[in-house]
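Here the structure is a predicted model, which is why all the values come from computation and not from measurement. Both backbone and side-chain heavy atoms feed into the values below; hydrogens, waters and symmetry mates do not. Lettering follows sequence order; numbering is per chain, from 1.
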Protein chains: 2
Amino acid sequence: MKYNQVTIKDIARELGISPSTVSRALKDHPDISPETKKAVNELAEKLNYQPNIVALSLRQSKTNTIGVIIPELVHFFFSTVISGIEDVAYSAGYNVIITQSNESLQREKTDIKALFNSRVDGMLISVSRETNTFDHIEGILAKGVPMVFFDRVYENANSSKIIVDDLSGAKEATLHLIDQGCKRIAHLEGPPNLEITKQRLEGYLEALKDHNIPVNKNLIMACPLGTIEEGKKATEKLLAMAEPPDAIFATNDPAAMGAMQAIKEAGLKIPKDIAVVGFSNWFFSALLDPPLTSVDQPGFEMGQEAAKLLIRQIEMKTKNSDIDVQPETKVLKTRLVVRDSSLKKGKKK
Amino acid sequence: MKYNQVTIKDIARELGISPSTVSRALKDHPDISPETKKAVNELAEKLNYQPNIVALSLRQSKTNTIGVIIPELVHFFFSTVISGIEDVAYSAGYNVIITQSNESLQREKTDIKALFNSRVDGMLISVSRETNTFDHIEGILAKGVPMVFFDRVYENANSSKIIVDDLSGAKEATLHLIDQGCKRIAHLEGPPNLEITKQRLEGYLEALKDHNIPVNKNLIMACPLGTIEEGKKATEKLLAMAEPPDAIFATNDPAAMGAMQAIKEAGLKIPKDIAVVGFSNWFFSALLDPPLTSVDQPGFEMGQEAAKLLIRQIEMKTKNSDIDVQPETKVLKTRLVVRDSSLKKGKKK
DNA sequence: AACGAACGCGCAAACGATTGCGATTCTTTA
DNA sequence: TAAAGAATCGCAATCGTTTGCGCGTTCGTT
């Protein structure tokens with residue numbers, strides 16, 4: 001939009017010098033005399049000159065913008081990640097364009113294309129629940145667009161990733177339940193396409209194995225959407241079993257929440273009859289009754305790290321476009337936040 | 001960033017024609033022969049030509065980007081609004097840049113400046129809790145940047161606004177409590193700078209007046225941050241009174257949540273001893289124990305309407321920059337969602 | 001006094017697309 | 001058959017900024 005902004009030409013005209021000189025004066029180029037610099041800077045200040053970022057972007061083939069694709073903004077975890085991203089992006093002079101795939105592969109494809117067309121300098125991506133093909137990502141990667149994946153990563157991509165240690169987190173959660181005396185621990189499994197689902201299942205299995213608890217496949221219920229409703233239904237089925245579980249470890253907090261609803265409606269007590277542990281430590285988890293034990297993921301930090309990595313890649317590429325950036329993978333630690341929903345033995349220590 | 005993208009020049013060179021002809025062929029200009037158009041379009045398709053949006057922006061002095069300033073992304077209400085904004089923005093061909101003021105006036109100032117420098121075509125703004133001066137907004141408005149305010153609006157601005165009927169919503173909530181037989185209804189008041197705070201208080205007062213219930217100023221507690229902690233502390237003070245209230249209407253859901261915690265910890269029952277009603281109908285409100293009655297604000301719709309209004313202004317200005325757009329104010333209806341936290345008499349109907 | 005270096009600045013091209021105007025060719029009409 | 005008109009297309013400027021190169025002036029050095 002045209003705001004009648006003052007340009008470098010206006011300053012040049014007023015001072016009777018050329019635009020080139022103004023440009024150089026503003027960036028303290030050694031070719032320009034101190035007097036000219038002073039005059040230019042003073043006039044620029046007076047006219048409140050602001051460089052036209054669009055023209056700059058065109059000239060430098062660099063937009064100083066990074067694109068973000070997340071499944072859904074309304075998820076507490078993802079909005080926390082965004083805050084982390086914006087935190088480092090803005091202080092590094094980058095704008096952030098956020099798009100939501102709404103957990104749809106189709107939408108993810110159009111999003112990635114739109115971002116590419118906007119000439120973003122790089123992308124931060126967390127894939128949708130539906131994403132099981134990766135041509136759309138490979139296509140953009142092949143063009144040399146720097147990309148960093150976070151949380152829900154594209155495993156095969158030859159690019160950097162920021163993940164949390166889902167396996168250890170899930171294992172710690174399960175071990176905690178075992179430590180509380182639980183013998184029949186059920187697991188609500190998440191969307192099958194996602195690597196994080198597999199890792200969390202694996203952590204659960206490892207914990208059982210470490211304590212020589214046999215795996216009962218009937219205690220592992222699929223929740224491919226990971227919603228409250230699914231968690232509730234799955235739990236109702238578990239409760240209807242001849243030998244119902246004495247604990248439930250859910251792949252995320254909404255599913256755990258659904259489990260809690262089902263348990264309460266069945267007239268059972270949490271954690272006395274059945275202990276519950278979730279994953280992600282959503283904002284509302286502490287507010288439930290009883291407060292939900294959950295595996296905390298450092299969302300803000302994840303956003304920060306992802307943005308840092310991406311920006312580093314972008315700046316390396318800017319300096320030397322031939323160089324192939326070595327992909328990095330950063331694993332962040334989870335932290336088990338123990339609350340009442342899992343404390344059969346009462347508070348420790 | 002340079003992705004070796006094909007340009008209009010590449011197509012021109014390959015076909016032995018001029019860039020101008022390619023440009024016109026691509027937009028179906030009548031001056032170009034059908035054969036040339038066909039050749040150009042086919043080659044463009046083959047090479048997967050994508051117009052350079054940055055060059056376009058510079059040429060047209062229009063970025064097709066709108067900037068958004070919100071207090072905090074992690075609030076359920078605001079992330080819902082964002083979804084509504086993106087919904088209409090993307091289908092109208094606009095990108096969205098989101099910035100968070102983090103409820104800080106200082107940050108709001110730098111945000112608005114950064115957006116202006118990015119040459120966004122317009123802005124959608126919901127002011128921070130701290131915002132009590134408006135020079136930073138007036139400055140940008142004076143430059144002719146289209147602006148639409150939503151929810152937390154700048155009252156004096158000669159520009160469009162989307163708000164919800166906070167007064168009616170608050171009145172309905174209070175009337176509901178009266179209808180449930182409550183006599184001593186307390187109010188947790190919000191950040192004093194915000195218009196919505198005043199409106200909600202006003203609705204509360206009107207409801208009392210309609211039923212000839214005298215206003216007791218001791219029952220109106222300030223919660224300038226509107227947080228859980230504040231709501232809890234304020235409620236503790238209310239409970240310590242000689243005649244504690246039998247109902248609490250909070251300015252938002254977190255404050256209501258704090259109130260619930262305080263009431264429970266005091267060994268009292270909700271809603272039997274004290275009924276509670278919140279405002280905003282956050283995602284977690286339905287998950288509390290008991291589920292919280294709350295005034296629902298149509299966040300998604302608000303985002304949609306705000307974006308629609310802004311884009312209309314932008315496009316009018318694009319066509320005729322002289323025209324002064326008539327500011328509009330759109331008021332959206334609230335909806336009282338009754339849940340167990342306020343039902344002293346049991347379910348209606 | 002003459003020569004080279006250093007200094008200070010402007011010219012013009014470039015980024016990619018658009019567009020008014022003019023130039024060329026072809027078709028039509030008197 | 002000549003002139004007018006239509007059909008096609010290219011030139012060049014433009015948006016605002018950057019930057020390699022070159023030019024003129026001044027200064028210092030022998």
Item to check | Side chain A/Ser18 and base C/dC11 donor-acceptor under 3.5 Å | outcome: no
Checklist entry - Can you find a heavy atom in the side chain of B/Thr21 that is under 4.5 Å from one in the side chain of B/Ile32? => result yes
Checklist entry - Expressed in angstrom and rounded to an integer, what is the separation of B/Gln5 atom CD from C/dG16 atom C1'? => result 12 Å
Checklist outcome for this item: From CD of A/Gln50 across to P of D/dG16 the rounded distance in Å is 15 Å
Checklist entry - Which whole-number value in Å describes the distance from B/Arg24 CZ to D/dA12 P? => result 14 Å
Checklist entry - Does the side chain of B/Thr131 pick up a donor-acceptor pair with the side chain of B/Ser128 at under 3.5 Å? => result yes
Checklist entry - side chain to side chain contact (heavy atoms under 4.5 Å, CB included) between A/Met302 and A/Phe77: does it pass, once the steps are laid out? => result CA-CA 10 Å; A/Met302 175 174 275; A/Phe77 173 68; 3.7 Å; yes
Item to check | Within residues 32-41 of chain A: residues closer than 4.0 Å to DNA chain C (heavy atoms) | outcome: A/Ile32, A/Ser33, A/Thr36
Next on the checklist: Using whole Å, what does the distance between atom P of nucleotide C/dA23 and atom CD1 of B/Ile17 come to?
Outcome noted: 21 Å
Item to check | Spacing between A/Asn117 atom CG and C/dA17 atom P, to the nearest angstrom | outcome: 11 Å
Next on the checklist: In whole Å, I'd like the distance from the CG atom of A/Leu58 to the P atom of D/dT19.
Outcome noted: 13 Å
Checklist entry - So do A/Tyr49 and A/Ile11 actually touch side chain to side chain, heavy atoms under 4.5 Å? => result yes
Item to check | CD/A/Glu155: more than 12 non-hydrogen atoms of other groups inside 6.0 Å | outcome: yes
Item to check | Donor-acceptor pair between A/Asn95 and B/Ser118 side chains, under 3.5 angstrom | outcome: yes
Checklist entry - So does B/Arg13 reach the base of C/dG16 with its side chain, donor to acceptor, closer than 3.5 Å? => result no
Next on the checklist: In whole Å, I'd like the distance from the CG atom of A/Leu15 to the C1' atom of C/dG10.
Outcome noted: 15 Å
Next on the checklist: Is the ring pair B/Phe150/B/Phe78 parallel, tilted or perpendicular, if the boundaries are 30 and 60 degrees?
Outcome noted: perpendicular
Item to check | Under-3.5 Å donor-acceptor pair between A/Arg119 side chain and C/dG16 base | outcome: no
Checklist entry - Is the phosphate of C/dA17, meaning OP1 or OP2, less than 4.0 Å from a side-chain N or O of B/Tyr49? => result yes
Checklist entry - For C/dA17, does OP1 or OP2 lie under 4.0 Å from any side-chain N or O of B/Lys27? => result no
Next on the checklist: By nearest heavy atom, map A/Ser20 and B/Gly16 onto DNA chain D; which one lands nearer the 5' end?
Outcome noted: B/Gly16
Item to check | Phosphate OP1/OP2 of C/dA14 contacted by B/Lys9 side-chain N/O (<4.0 Å) | outcome: no
Checklist entry - What is the distance from CG of A/Asn52 to P of D/dT14, rounded to the nearest Å? => result 17 Å
Checklist entry - So what does A/Thr7 touch, heavy atoms closer than 4.0 Å: a base, only the sugar-phosphate, or nothing? => result sugar-phosphate
Item to check | Any N/O donor-acceptor pair, B/Asp31 side-chain to D/dC9 base, under 3.5 Å | outcome: yes
